[in-house]
Enquirer: 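Sharing a structure here in structure tokens format.
In what follows, every chain begins at residue 1, and chains take the letters A, B, ... in the order their sequences are listed.
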Amino acid sequence: MLLVDIILPGLVLGGMYALIALGLTLQYGVARIMNLSYGESLVAAAFGAFSLYSGLGLSPLAALLLAVPVAMVLNWLLYRFLLERLMRRGKDRGAQEIDSILVTFGVLFVIQGAMLVAFGGQYYSYSYLSIPLTVMGSTLAVNRLVALLFAAVVGFAVYLALTRTRIGTAVRAIAVDANAARLVGIDVAALSGLAFAFGGGLVAVGGVLVSMFLTFNAAMGVVFTMKALVVVIMGGVGNVLGALVAGLLLGVVETAVARLVDPGLTLAATYALFLGVLLIKPTGLFGRAAS
Amino acid sequence: MTRPMRAALWCGALGLAAAVVTYPLYANGYYLALGISVLYFTILATAWAMFSGPTRYVSLATVAFFGLGAYTAAVLGETMSWPVVLLAAAGVGALTAAITGLSTLRLSGIYFVIFSFGLAELIRQLVIWYEVNIHKSVGRYLFSAVTQDILYWQLLGLTFIVFLVGWLLGRSRYGLALRAIGTDETAASHSGIDATRIKLGVFILSATFMAMTGAVMAPRWTYIDPAIAFNPTISFQVVIMALLGGAGSLFGPVLGVIPLVLLFEVLTATLPNHFSIVLGIIFVFIVMVLPNGVIGLFGAGRWRVPAGNPAPGAARKTDATLLAVDGVSKSFSGLRAVEDVSFTVAPGEIIGIIGPNGSGKTTLLNTLSGALRPSSGTIRFSGTVLNGLRAHQIARLGLARTFQLVRVMPDLTVAENVAAARLFSTSSGCDATGGELLDLVGLGTMHEAPAGELTYIDQKRLELARALALQPRLVLLDEWLAGLNPSELETGIALIAKLRDRGLTIIMVEHVMDAIRALCGHCIVMNAGSVIARGTPDDVLADPKVVAAYLGGDDA
């Protein structure tokens with residue numbers, strides 16, 4: 001059935017997009033870093049999972065236990081030694097955003113270059129839980145469903161952490177207004193670093209999960225960055241729930257275009273959707289009205 | 001500078017120019033290719049900085065336009081004459097920039113960066129799709145008689161044109177307008193600058209140069225496919241080069257182009273596998289250490305723009321009513337911030353709008369100045385209906401304002417702030433020069449100070465001078481006296497009185513009741529979005545409803 005064939009894989013794909021975008025929501029929404037090297041970090045985590053699986057036979061889900069702490073430490077160092085200085089130097093949010101874009105742009109090349117040296121330009125994939133499963137007449141791979149389940153659990157946990165804990169509340173306060181947060185005694189620099197590191201950990205989760213079912217190479221980080229950006233901005237900056245809905249929407253639209261129009265036009269469809277949302281509601285589907 | 005020194009400089013410049021022009025005659029293949037790289041990156045980086053430098057809209061889409069130009073040349077190159085091909089490439093670049101610019105330049109900076117980041121990828125995908133499905137083969141061969149020498153001279157000509165255009169633009173009023181937009185777009189539009197149109201125009205101009213560079217460069221490759229023409233590294237390289245040199249000035253980018261082209265050349269020869277790592281490290285280094293570029297180190301980062309001449313004053317109309325506000329309401333999804341407000345203002349009058357915080361005073365001013373559109377009701381300003389006009393149009397009609405939270409354009413000097421408001425002024429009113437206006441508000445000695453470094457009070461003064469520079473007939477002052485100490489308050493009140501005596505009409509939102517009493521003949525009191533009282537200051541301040549609104553209590 002065509003409709004099921006579009007909606008079900010679309011939702012699975014969309015769940016993955018939402019997962020990919022979760023980390024960026026924290027990094028951009030809270031730490032105010034528009035991290036252009038995001039996709040490269042994701043691909044790096046995918047390579048990490050690949051190496052652990054093919055080298056040591058470690059399951060990707062176990063690899064998460066290693067990948068996430070490593071990614072958090074690396075991201076924290078990145079924030080502490082490069083980005084925090086820019087945050088202090090920037091006169092206003094605009095200047096900070098532009099500076100952080102430019103610096104992470106450089107980081108993008110460094111990570112990509114390192115991966116090219118280590119793995120070359122060819123495509124990699126490995127087979128883990130790639131068992132076909134028929135759901136409502138539509139065929140899906142088990143690894144995709146496992147990834148989707150993980151994404152849902154992680155997303156829900158992040159949502160709870162942000163809305164139900166003291167630190168989460170402080171983090172949301174920073175997302176709304178860093179200066180005001182400082183005035184009520186929140187350590188903005190430390191928590192922003194933490195949020196950035198946490199975002200980095202989520203990128204690693206995304207990368208490891210994606211590596212279970214996607215073919216990847218060292219040069220494709222940009223595609224992930226773009227998708228994550230589109231989802232974050234469509235969903236409203238810093239809005240976890242918005243990112244989820246935007247991710248699902250994007251997945252369904254892409255699958256529909258690939259099925260009904262032409263697989264070569266999916267990226268064009270992404271942009272059309274993105275641009276449409278920006279023009280009609282620039283603060284995202286669930287964003288607050290601009291002040 | 002002494003005469004012999006100047007002569008020596010001229011000789012040096014002429015010698016350099018001659019060396020650059022005759023370069024292909026004595027440079028061999030390798031060095032000629034290097035020269036070509038320097039030139040084409042110079043054009044791209046200068047064109048990039050022309051738009052992105054002053055506006056700070058960082059565009060990562062250079063290669064989109066470059067690639068379109070190259071592809072146009074590849075498609076049309078065999079069948080049409082070269083000038084036609086070049087024009088077609090320019091046209092394709094300009095058209096694409098117009099379409100994408102129209103939809104994205106209204107967005108704030110960050111969205112623009114992201115969009116431009118993906119634009120090249122999007123266009124590449126569309127070109128691939130077109131080639132696969134319509135042309136049935138990806139990639140085209142390009143046989144052309146253009147030698148390296150001719151290529152070099154074509155690029156040199158284009159380089160000359162891009163510098164000439166950049167120089168003219170920087171000197172024109174559009175140059176200052178562009179910088180005003182870059183530093184505070186809201187303040188710029190309330191100074192009569194049509195921000196959208198100017199940004200779009202310069203964006204198109206910049207993209208046209210990029211597309212033409214692509215077309216000129218196309219014969220360098222005998223085979224073109226989308227991966228070559230839309231190689232994203234080009235966008236990145238252009239941005240670093242412009243930033244290294246300094247994007248804020250015309251000759252900054254070229255200072256970044258020369259060392260980096262040479263460095264990239266060395267890198268590709270010695271460390272081809274580590275190229276992008278080194279590229280990334282350089283990029284990080286430049287952003288961290290040289291935020292204003294090499295040229296910033298010499299303090300030559302900015303253009304100086306002569307203050308604009310005052311527009312010729314037209315004969316002043318004497319209307320019985322200057323401003324008529326009729327039944328204006330403004331609601332924000334359910335919340336009615338302003339409800340059915342009507343009043344009129346006669347020429348030469350000072351009207352006070354008072355009321356507790358949150359009563360809708362600033363929202364009302366925002367509907368008058370075009371910052372917000374009223375949800376209903378009409379606003380007439382000397383006969384013209386203002387509803388639906390944009391901020392810059394209203395400013396040009398002669399309705400100026402200051403902001404409650406002061407908005408100067410911090411990176412421009414004091415004099416430039418005032419000059420920016422004159423650029424497109426067509427209204428008539430007080431015909432003082434920018435210098436006189438600054439004397440009037442008490443900033444006569446600070447012309448060259450960057451506005452961002454002024455104290456709060458001086459920024460307020462500057463805002464008033466900028467509003468007056470529009471040669472307005474009506475000025476809206478939003479709590480302009482707030483935060484002044486008693487002696488400054490006295491000077492401020494005297495200044496407003498002086499403006500009234502010169503024939504200016506003023507609407508002031510104010511909490512300082514002494515000022516209201518001293519200046520306003522007529523007052524409107526607002527509470528919860530509606531007008532609750534009107535009359536002379538003494539009358540309304542004695543009105544029990546007004547007292548209740550301010551102090552609370554039973555106002556049922």
Side-chain angles (χ1 to χ4, degrees), chain A residues 28 34 36-37 40 81-83 85-86 89-95 97-117 120 218-219 222-223 225-227 229-230 232-233 237 262-272 274-276 278-279 282 289-290, chain B residues 52 56-58 60 100 102-104 106-115 117-126 128-133 182-185 232-233 235-236 239-240 243 271 273-289 291 332-333 410-411 452:
Chain A
Y28 178 57
M34 182 49 89
L36 283 193
S37 68
E40 271 64 27
F81 289 102
L82 284 183
L83 300 167
R85 268 201 249 174
L86 295 180
R89 184 176 82 191
K91 273 179 297 194
D92 48 43
R93 186 153 183 169
E97 279 178 349
I98 299 297
D99 276 352
S100 67
I101 282 187
L102 292 173
V103 128
T104 53
F105 204 28
V107 175
L108 179 162
F109 280 103
V110 175
I111 303 177
Q112 195 183 65
M115 290 192 299
L116 279 172
V117 170
V222 172
V223 177
T225 309
M226 273 328 299
K227 298 256 160 95
L229 285 175
V230 169
V232 167
I233 289 182
V237 171
D262 190 322
L265 288 177
T266 47
L267 196 70
T270 306
Y271 270 86
F274 179 46
L275 203 58
L278 279 187
L279 290 179
Chain B
S52 297
R56 282 166 221 181
Y57 273 63
V58 173
L60 303 179
T100 52
L102 263 180
S103 43
T104 55
R106 298 193 319 198
L107 305 167
S108 69
I110 190 85
Y111 299 120
F112 179 79
V113 184
I114 293 159
F115 184 80
F117 184 52
L119 182 65
E121 196 63 20
L122 172 71
I123 289 179
R124 185 165 71 127
Q125 296 276 334
L126 290 176
I128 292 176
W129 182 83
Y130 177 87
E131 295 282 84
V132 168
N133 290 288
T183 166
D184 187 335
E185 190 165 332
T233 319
S235 295
F236 305 160
V239 176
I240 345 184
L243 288 177
L271 282 174
N273 292 326
H274 299 78
F275 182 76
S276 66
I277 300 184
V278 181
L279 185 73
I281 292 173
I282 296 171
F283 203 123
V284 171
F285 176 81
I286 291 169
V287 177
M288 299 299 295
V289 181
F332 300 101
S333 52
D411 294 350

Enquirer: What distance separates B:L60 CG from A:I101 CD1, expressed to the nearest 0.5 Å?
Expert: 7.0 Å

Enquirer: Do you know which of A:L82, A:T104, A:V230, A:T266 has the most heavy-atom pairs under 4.5 Å to chain B?
Expert: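 Going by pairs under 4.5 Å, I would pick A:L82.
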
Enquirer: If you look at every heavy atom in B:Y57 and B:S52, which pair is closest and at what distance?
Expert: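 Nearest pair, atom of B:Y57 first, then B:S52: O-OG, 2.8 Å.
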
Enquirer: For A:S100 and A:M34, work out which heavy atoms get closest and say how close.
Expert: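 Looking at all heavy atoms of both residues, the shortest contact is OG-N, 3.5 Å.
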
Enquirer: Chain A heavy atoms under 4.5 Å from B:F332: which part of the residue, side chain, backbone, both or neither?
Expert: neither

Enquirer: For B:L243, is it the side chain, the backbone, both or neither that has a heavy atom under 4.5 Å from a heavy atom of chain A?
Expert: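 When you check distances to chain A, only side chain atoms of B:L243 fall under 4.5 Å.
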
Enquirer: Show which side-chain atoms of residues 281-288 of chain B pair as donor or acceptor with protein atoms under 3.5 Å away, not counting sequence neighbours.
Expert:
none

Enquirer: Can you say whether B:V132 sits under 4.5 Å from chain A via the side chain, the backbone, both, or neither, judging by heavy atoms?
Expert: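 For B:V132, neither part sits under 4.5 Å from chain A.
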
